[in-house]
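For the single chain, residues carry numbers from 1 onward in sequence order. All heavy atoms count here, side chains included; hydrogens, waters and symmetry mates do not.
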Amino acid sequence: MDDLEDWPEIEKAAKEKRRELVLQGALVDERILSSGGLTTAIYSLKLLNYLEVAQCPSLTEIHEDIKYLTNLQSLFLCRNKLASIPNVIGSIKSLKVLDLSANNLTVLPDEITQLPDLNTLNVSCNSLACLPEGLSRCTKLYNLNISKNNITRFPADFYSERLDLLSIVIAYDNAIDDLSGDVSKLSALKHLDLSNNKLCEIPFNLSDCSKLKEVNFKGNKFKDKRLEKMVNGCQTKSILDYLRAGGRGKGKGKQGEDGGDPAESADKKKRPTKKNNKKRLADDEDEDEDGELAKMVVRILHLSEGPTALAVTVMANVKEVRPYLVCCVVKGMNLKPGNALKRFLMAQTKLHDELCVRRTTATIATHDLQLLKSPLIYDARPPADLKITPLGRKEVCSVELMRVLLHEASEQRKQKKRQNVSGLHKYLQLLDGKELYPCLVDADGHVISFPPITNSDKTKISRTTRELFLEVTSSASLQTCKDVMDTLIVKMAELNKITAERKEEAAGGSDGEGPGPPGPETPDQTPGEQQPEEEEGGLVIQQVRTVDQQGNLKVVYPSKTDLPNAEGILRILW
């Protein structure tokens, strides 16, 4: 066994016969770098059923001795620089959750398909060109995330009746150019995300997936332009109904009297003429125009260079803690009717869980703009000096807050199976060993955000909030912040459209996070600014700059290079 002097966590786990071990962050990465890799002593902890080694760029490989961890049920090796996974991974037959996201993987070992109890596989944010054949042998697979790779097709046996538990397939940002009609064999499918791929058709058989509740095909270029517009603006039910009816005669639809396709029968009765062709071209032009009008409107308010423009000053000491920040203001979001606020909070939670990988790659914070006092400062403070009023709690020092949250996370574990580790516990670990904690501070010195842990109760949004200050922070990259903010804005536009279409009655009180602050009768206005006229049902995005301590521009959001994948969804007015 290797010397454990540099690995007190492993020594403690062995002594206390622990079943869970988490190693992540800069301090662990330094030890991996100095040792030439992860100590093999970790593989002597044969009682482990949960192991996480994350956020260690120096970790490029995993030793084959991992095969000795035969009781392992959850293995998280995310946000490292792994170039390969040993074939012996297939010998850990008890493995249920495998997270290999955000590494440098170009191929997965075929032996992954030999894990009979695997229910969750996350290989997102790698450089995979394909998935191993034989996935249908993982008959307990429930959640598959292959987003942000270079995958062109699903394996042939993926469309199998044996995968009768597979409910979630997340495959956005790939190069998938074909979805087989055999997708209907996935009888348990509930959520399918194939946005930003290279699909040109959707098989009508998809409508046979009776449990399907949510699909996302945005960012694909479909031959059927009407379907493409529906994909960019309609809900799942409308898309499935369209496929079920046969679309433009390319689906199953209703059969004609002779058993043929009704569209073909119609063609026999009505042969195309020059007049019909001209009419068809005119109809297509009208449809294109209608499609433009159907897009959700987003206006960009260019105030980034005015003397009264909202800006956030980024202090130098955040560089070693959580250096990346992107902000903007969104006006015109209607959270008052019915379940509008609840839908928004649920959407934010979903983004945290999926796109932000349980807040480990990025964190979203939303504030009521009218409750903010600018100028704002993005700072890093010693834990003992950082005080915040967390959502639904009284003001507390960050040290005490972390202690309480860790206790709550441990209590959650005791009430559940040991392999079920809460998202709370995962992102609490991100601050382990940090001498400074990141925070966003207002003009009165109040901490209004403590990423990735919590917002302040002082600025939380409510039903009466109409102007939101959005903040995305990350320790990964600036582009990560922008990607998350892009997605959030598109989602807000969608939710606003849903709220307008449903015409729900306004509900009293607040939702989601407890009672919200009363909204001012006449919203305050930043001096020197004019309130823009909002497009009906649309949003207005006001640019926010982040600058360094000398006032030099770091980033402005949104710029004209942002929201790159929103062209087919939003009508952006500059």
Next item on the list: Ignoring hydrogens and angles, tell me if any N or O in the side chain of T361 forms a donor-acceptor pair with the backbone of C356 under 3.5 Å.
Entry: yes
Note to self: Can you give me the closest heavy-atom contact between I170 and E354, atom names plus distance?
What the structure shows: CD1-CD, 3.8 Å
Notebook entry, point to check: What pairs of residues pass the salt bridge (Lys or Arg N to Asp or Glu O under 4.0 Å) test when at least one of them lies in residues 23-37, not counting sequence neighbours?
Noted result: E9-R31
Item checked: Under 3.5 Å: donor-acceptor pair, side chain of N49, backbone of Q73 -> no
Next item on the list: State which residues pass salt bridge (charged side-chain N to carboxylate O under 4.0 Å, His left out) with K148; sequence neighbours excluded, sorted by chain then number.
Entry: D483
Under 3.5 Å, sequence neighbours excluded: what are the donor-acceptor pairs made by side chains of residues 394-404?
from : atom 1 : to   : atom 2 : distance (Å)
S398 : OG     : P383 : O      : 2.5
E400 : OE1    : R403 : NE     : 3.1
E400 : OE2    : R403 : NE     : 3.4
E400 : OE2    : R403 : NH2    : 2.6

Checklist line | Spatial distance of atom CG (L369) from atom CD1 (I461) [nearest 0.5 Å] | finding: 12.5 Å
Margin query: Checking the side chain of N80 only, and the main-chain atoms of V53 only, is there a donor and an acceptor separated by less than 3.5 Å?
Written below: yes
Next item on the list: List the atom of V326, the atom of C481, and the distance in Å for their closest heavy-atom pair.
Entry: CG2-CB, 3.7 Å
Next item on the list: Identify the two heavy atoms, one from N334 and one from N496, that lie closest to each other, and give their separation to 0.1 Å.
Entry: N-OD1, 2.9 Å
Next item on the list: Identify whether the distance between the nearest side-chain nitrogen and carboxylate oxygen of D353 and K350 falls below 4.0 Å.
Entry: no
Item checked: Closest non-hydrogen atom pair, D444 against K373 -> OD2-CD, 2.9 Å
Note to self: Out of the candidates K342, Q348, R343, only one should pair with M346 under the side-chain contact (heavy atoms from CB on, under 4.5 Å) rule; please name it.
What the structure shows: K342
